[in-house]
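For this chain, numbers begin at 1 and follow the sequence in order. Please read these numbers as outputs of a predicted model, since none were measured by experiment.
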Amino acid sequence: MIPEVSEWLRQAEYDYEDAEYLFLGKRYPKAIFCCHLALEKGLKALYLHYTQTQPPRTHSLYFLIQTIPGGVPERFENLMDILEDVSVKVRYPPMLDILLTDITEESAHTIIEDTGGFLTWIRELKL
């Protein structure tokens, strides 16, 4: 594995740990935002691995997925949809009040678990 790929993965894991920590503090919108960051960085590791070029400065999970041969497993498609939607809302007002109502402990827990599953899938690729 080239060092830059390893670094993207290390940062993805770090963001995932932040998501878990924020979840314990009941900061669900920010926890989910960290899940987006974790997936974004994991996808950028894959982008770099497959294209041998630095990933673009984008937050779009959909764009990054398109560069991966075969895409990502279908079981993660709903996760990508949720994170693309929430990551924009958590960044800009006035969406916080809506997110505080819409994101429950249960839904945040599911998203965090699915994010962990996604990172496990990347690790199992043995880049």
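- When every heavy atom of Ala45 is checked against every heavy atom of Trp8, the shortest pair comes out as CB-CB, 3.6 Å.
- Taking 4.5 Å as the limit, every side-chain heavy atom of Lys41 sits out of range of all side-chain heavy atoms of Tyr14.
- Taken together through direct or relayed side-chain contacts under 4.5 Å among Ile, Leu, Val, Met, Phe, Trp and Tyr, Ile32 and Ile98 form parts of separate hydrophobic clusters.
- Side-chain N or O atoms of Ser107 include none that pairs as donor or acceptor with a backbone N or O of Ile103 at under 3.5 Å.
- When the shell of 6.0 Å around CD of Gln52 is examined, it contains more than 12 heavy atoms from other residues, nucleotides or ligands.
- For the ring pair (Phe, Tyr, Trp, His ring centres under 6.0 Å) condition, the pairs that include at least one residue of residues 61-89, sequence neighbours left out, are Phe76-Phe118.
- Interatomic distance, CE of Met80 versus OG of Ser60, reported as 11.0 Å (0.5 Å rounding).
- In plain terms, the two heavy atoms of Ala19 and Ala31 that are nearest each other are CB-O, 3.3 Å.
- Remark: side-chain polar atoms of Lys44 are paired, donor with acceptor, to backbone N or O of Thr58 under 3.5 angstrom.
- At least one side-chain heavy atom of Tyr16 sits less than 4.5 Å from a side-chain heavy atom of Thr115.
- The CG atom of Leu39 sits 8.0 Å away from the CD1 atom of Ile65 when rounded to the nearest 0.5 Å.
- Side-chain contact between Asp114 and Ile82 is absent, with no heavy-atom pair separated by less than 4.5 Å.
- Residues Thr120 and Arg123 have side chains in contact (heavy-atom distance under 4.5 Å, counting atoms from C-beta outward).
- Among all heavy-atom pairs drawn from Ala38 and Leu119, the shortest one is O-CD2, 4.0 Å.
- Under a 4.5 Å side-chain heavy-atom cut-off, the cluster of Ile, Leu, Val, Met, Phe, Trp and Tyr residues that includes Leu96 is completed by Leu100.
- Here the straight-line distance linking atom CD of Glu84 with atom CG of Leu61 works out to 4.0 Å at 0.5 Å rounding.
- Atom NE2 in His36 sits 10.5 Å away from atom CG in Asp85 (nearest 0.5 Å).
- Salt-bridge formation is not detected for the pair Glu13/Arg10: no Lys NZ or Arg NE/NH1/NH2 atom is positioned less than 4.0 Å from an Asp or Glu carboxylate oxygen.
- No more than 12 heavy atoms of other residues, nucleotides or ligands sit less than 6.0 Å from atom OH of Tyr21.
- In this view, His109 and Phe23 satisfy the ring pair (Phe, Tyr, Trp, His ring centres under 6.0 Å) rule, not counting sequence neighbours.
- Heavy atoms only, all atoms of each residue included: Glu40 and Leu64 are closest at O-CD1, 3.9 Å.
- The two residues Tyr28 and Ala108 come nearest to each other via the heavy atoms CD2-CB, 3.7 Å.
- What you find for Gly42 and Leu9 is that their closest heavy atoms are CA-CD2, 4.4 Å.
- In this structure, Leu46 CG and Leu127 CG are separated by 5.5 Å, a value rounded to the nearest 0.5 Å.
- Ile111 and Leu22 end up in different hydrophobic clusters when Ile, Leu, Val, Met, Phe, Trp and Tyr side chains are linked at under 4.5 Å.
- Heavy atoms of other residues, nucleotides or ligands lying less than 6.0 angstrom from CD of Gln54 number more than 12.
- Going from atom CG of Leu43 over to atom CD1 of Ile68 covers 4.5 Å, rounded to the nearest 0.5 Å.
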